Structures are given as C-alpha cells and as structure tokens.
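To start, the structure itself, in structure tokens.
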Amino acid sequence: MFKKNICDSNAIIINMFTTFVKKRMTQIAKTPITVAYGDGIGPEIMDATLRILLAAGAKIEPEIIEIGENVYNNGFSSGIKPEAWESLRRTKVFLKAPITTPQGGGFKSLNVTIRKVLGMYANVRPCISYHPYVKTKHPVMDVVIIRENEEDLYAGIEHQQTDEVIQCLKILSVPGTEKIVRYAFEYARAYGRKKVTCFTKDNIMKMTDGMFHKVFDKIGEEYPEIEKEHWIIDIGAAKLADTPEVFDVIVMPNLYGDILSDVAAQITGSVGLAGSANIGDHVSMFEAIHGSAPRRAGQNVANPSGLLLGAVQMLMHIGQPDVAEKVHNAWLKTMEDGIHTYDIFKEGTSKQKVGTKEFADAVINNIGNVPAQLKKVDYSTTSNKPFVIKPSVTIPAKKELVGVDIFLHHKDRDPNKLGNSLKDIKAGNMELTMITNRGVKVFPDGMAETFCTDHWRCRYKSEELSASTYADVISLQQQITNLGFDIIKTENLVTMDGQAMFSAGQGQ
Ligand code: NAD
C-alpha cells in the first residue's frame, strides 16, 4: 500500500514535472520581441502583421512599448521613454510600426537615435518587383540594397563657420566599413546571391570613399564564389534606375544608400511594399520603409505589406525560417490572387480591393499555399547561423605631424591680399604653401575667375613633409591672431608610416 502510494505520488510528481517542462519548453521556444504599434496607420498594420505571424505559427512573445508622437508630446524629445530601452536590451529584437515625428524644432529623429545608440550598423532593403501583379517598368527586378547605417554625413556634426559657409562632416571609419562590407558578402552567401556591387564616389572623395572601395576589394577576395564590381555612384544610380536587373546585392555608404534604397523600392512599383531590417550586434530592428501616413489612419485602408515583409526578415533573424517562408509565400500568393489594398489596386490586374483587415485575412487563408507565377521563396537552405562580423584589429601606424590647415573667416574676397598678409608667418619648418577657397587653390597663382567666399584654408607645412611640433602650430595660430584674423578651426596634417594622409588642393 505504502509502496503503491509512493508510486502514485511519483507518477503525480513526474506528471506535474512533465507538464511544467512542456509548458516551459513552449515558453522557452518562444522568442520575446519588443513591439511598437507606432502612430497613424501603425496600429492597424501592426495588428494585421502580428495576426498573420501568429496564424503561421511564429513562436514569438511580443512585449509592447510606446514610442512616437504621444511620447514626444509628453516631454521626451527623442520619442522614447527610458523603460522602453530596457525592453529593447532584453529582447534584442524590435518590430516597429512607423511613427509620426512632430513638426517643429527640438524633436530628434527616433529612427536615427535608435539605430545609432544601439549600434545597428546594417540596413537591409530587398527591392523586388511583382510583375504583372503590381505595375512596374522593371518586371525582373530583384535587388537588395545594403546601406551602412551609422556613419557618413549622418554623424550629424554640423557647424556654421562663417557668415557664408556651413560645414557637415563626413566621417567613415575602417571598422565601420569593414562591418558593412562583410555583412553584404555574408548576406549574399547566405541567400545564394551571385554578385555584390559597391557604389562610391571615390573619383572625388579619394580618402573616405576611396577607403570604402579598397575595403570592398580586400574583403571581396575572401568570397571567391561571388562576383564583385564597383560603380561610381552617379552612373551606378542611373543604371539602377534604368536597368535594375543587372544588379543583385549593392553595398554603399549611408547617404547614398538612404537615397538609392527609396529609389529602388519605388521603381519596383510601390515604396509601400518594401520592408527593412536594421541589423546590429546587440539589437536589431525590423520595419516598413514608409511612414505613418496620418491621412490614412483609422480607415482600415493601409497596406500592411511593408511591415509584414520586415517581419519576414525578423523571422529569419530569430531563426524561424520555416515560418518566414510560410508567411512570405502566403503573401506572394495573395498578391498573385489580385487581392490588393487601394494603393496597388489597378482595374484589370487586381481582382478585389480590400481593407487592411481583409488583406490580412486573405494572407492567413493562403498560409500553406505558394504562388504559381511569382517566384516562391525557399528558405530551407538559407543559413540559420548569425553572421560573424568582426572588424580586423587596427595596427597603429607611425603618425607624424607635418603641418596644419588653418581655416579663417575673412570677408575681403581678394586671395592675393590675404596671401601677402600671411606669407611671412612661419614657425619651425612650417610656412604657407597655399590658400584654398572651398577646396580650390587661390594663392599663390590662383585664377582670377574663381569665386571666393569668406571661408579660407591656409596650409602651413614644410616642403619635404618633415616633422613639426604642436608648439609650432600654436605659434602659427598666435601670430595669425595677432594680425587680427579670425581663426575658425585647424586640421592637423599628418603622415602615417611616411605617407601623406591629406588631400591636395584642387588646382594644386
Ligand atoms: P508616408 O510614407 O507616411 O506617406 C506618404 C503617402 O504614402 C501617404 O499619404 C499614403 O498615401 C501612402 N502610404 C504610405 N504608406 C502606406 C501604406 N502602408 N498603405 C497605403 N498607403 C500608404 O510619408 P509622409 O507623409 O511623408 O510621412 C508621414 C509621417 O511619417 C511623418 O511624421 C514622418 O516623419 C513619418 N515617417 C516615419 C518613418 C518611420 O517611422 N520609419 C519613416 C518615414 C516617415
């Protein structure tokens, strides 16, 4: 009897334990994600997206945070409350609906803040046309734009320096460039893409964009199976707008990528269909590329496709490619069935104009189906492993100060008068070698036709690039100030391992 009792209680305990483990396993198997419903059409498209994901069996556990207009208006100038950061740090995955940035000064872009503060270095935007179901001039377009997301002119370092001249600093780092370039190659490898193209303007910006191009060439050598090419951005952009079918994956610095990813999404037929991933080492964010469309809010008309395709990228990121494939194919089938929201509805091509909710219902009904005409997606062989993106270790070079560019605010537009006032100033082995205005050499021997503003760069250095001291730089500044000139800033001229690390003046 006693024995039996022990057995019974054991069985009960084992049963309880099994139920507990099963429950725990389901809990463990669910990936927590931070979700923001956003503003305008945000809540409607997020609701539609989450319904589709859950119907397809996504193992996710949404944790809701508030961001956007309300938060801005409650005194948080970045549009996000401190406790929301904790959720992002905990889940490391953010599915975000668009938000409305209030008009007027003082409000910072939440998107830029989140991307940069949390180190989301790669922005990934697949731009695909869905011909003949969505009208486009480019029926065979399938391009992925991979944009550097943290650096470049988006460092946001701007200064008004004179009455007439304002400066914005373009900052590219070697590790930042290595990370985005390697990400592009890893992405191409994981998704079976054949070619990676790099866009830069290194014929003009030989040091910044030149470094990006060099890093692309160097890292590209590690991916022999992938075709590589480089285009100067202007002709590359023209080619992308005209013949997008020649491109596959394109990697580029931040500003070019910002502009060209919108162009690429638009020429597929609608900017409203593209999703976007912002990938970081710590936290990654997934969203639509369009905004909150406040005029369409609350009417059940918005197209949830952009956010849904962003969510498909999220499912891949959190290791649920089977669900990603199901959702993506169901969506493609719905597009093919001609069940369209107003923004892509076309008499003749579309069959049924539906609202946000009905579109989501149609996608849910198609779960398990695949498109017949459009190319179905197959993520079964896509690598599930997170990409290992580590920049190389920087080996410090031997750095030597060899001169200084001293920038002046000076109203008189005559370069010869200015040059003659400054040419006798010397310190150590440094003497005035040239003056430029907006980068063009105007002294000595400038051209009479060159227009000059009130912003002058005076370059002091030794002819042979021999070492100078910072005390000499200070002495130059002191002498120039003593003559009554207004110094805006200085920029050191250095050599690294004996090579000059500064650009020449145009016309020099
Ligand atoms: P928008 O993309 O919100 O809308 C432009 C137009 O495109 C809309 O009027 C609408 O006709 C159409 N549209 C956009 N998305 C649609 C959808 N899913 N379904 C159907 N039609 C759609 O651009 P906007 O009007 O310039 O910006 C509105 C607000 O969104 C601004 O406050 C802006 O700052 C913000 N914004 C946010 C994000 C973001 O959170 N990621 C991105 C861009 C703009």
Side-chain angles (χ1 to χ4, degrees), residues 34-50 52 65-73 77-80 84 88 94-116 118 120 123-125 127 130 134-135 147 149 154 257-259 261-263 265-266 268-278 284-314 331 334-335 339-346 350 353-360 362-363:
T34 301
V35 168
Y37 278 77
D39 301 315
I41 59 170
E44 295 159 80
I45 60 173
M46 180 59 81
D47 188 57
T49 299
L50 289 176
I52 296 167
I65 60 165
E66 197 194 352
I67 54 165
E69 210 173 10
N70 241 336
V71 182
Y72 278 116
N73 292 336
S77 67
S78 56
I80 179 164
L88 292 171
F94 187 19
L95 182 62
K96 175 186 155 293
I99 60 147
T100 303
T101 313
Q103 298 290 316
F107 299 110
K108 296 195 188 77
S109 161
L110 176 63
N111 263 357
V112 177
T113 305
I114 290 180
R115 284 176 198 160
K116 291 191 63 173
L118 297 177
M120 298 176 190
N123 185 265
V124 185
R125 289 185 177 183
C127 300
Y130 304 100
V134 177
K135 199 164 174 261
R147 157 193 172 196
N149 220 14
Y154 290 70
D258 189 5
I259 298 166
S261 59
D262 268 24
V263 171
Q266 180 64 34
T268 63
S270 169
V271 81
L273 294 180
S276 155
N278 297 274
S284 297
M285 174 169 82
F286 303 86
E287 58 183 344
I289 74 168
H290 61 72
S292 59
R295 282 188 308 123
R296 308 283 177 189
Q299 298 157 42
N300 187 39
V301 293
N303 187 348
S305 300
L307 184 60
L308 185 67
L309 293 180
V312 167
Q313 288 178 277
M314 177 191 78
W331 178 81
T334 309
M335 298 304 287
I339 302 173
H340 294 165
T341 42
Y342 85 94
D343 54 314
I344 53 166
F345 184 88
K346 285 265 160 2
S350 308
K353 191 193 276 183
V354 290
T356 316
K357 285 195 186 108
E358 296 71 26
F359 182 81
V363 177

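Whatever order the structure lists them in is the order used to number ligands and atoms, beginning at 1. These numbers were taken from a predicted model, which means no experiment stands behind them.
- Sorted by chain then number, the residues whose non-hydrogen atoms approach ligand 1 to under 4.0 Å are Ile41, Lys96, Pro98, Ile99, Thr100, Thr101, Asn111, Glu287, His290, Gly291, Ser292, Ala293, Pro294, Arg295, Arg296, Ala302, Asn303, Tyr342, Asp343.
- When side chains are defined from C-beta on, Ser276 does not count as touching Leu309, because their heavy atoms never get closer than 4.5 Å.
- There is a side-chain donor-acceptor pair under 3.5 Å between Asp258 and Tyr154.
- Remark: the Ser292 side chain and the Thr100 side chain contain an N/O donor-acceptor pair separated by less than 3.5 Å.
- The side-chain heavy atoms of Thr356 and Asn303, taken from C-beta on, include no pair separated by under 4.5 Å.
- Side-chain contact between Lys353 and Thr341 is absent, with no heavy atoms from C-beta onward closer than 4.5 Å.
- Shown here is Lys135, whose NZ atom has no more than 12 heavy atoms of other residues, nucleotides or ligands within 6.0 Å.
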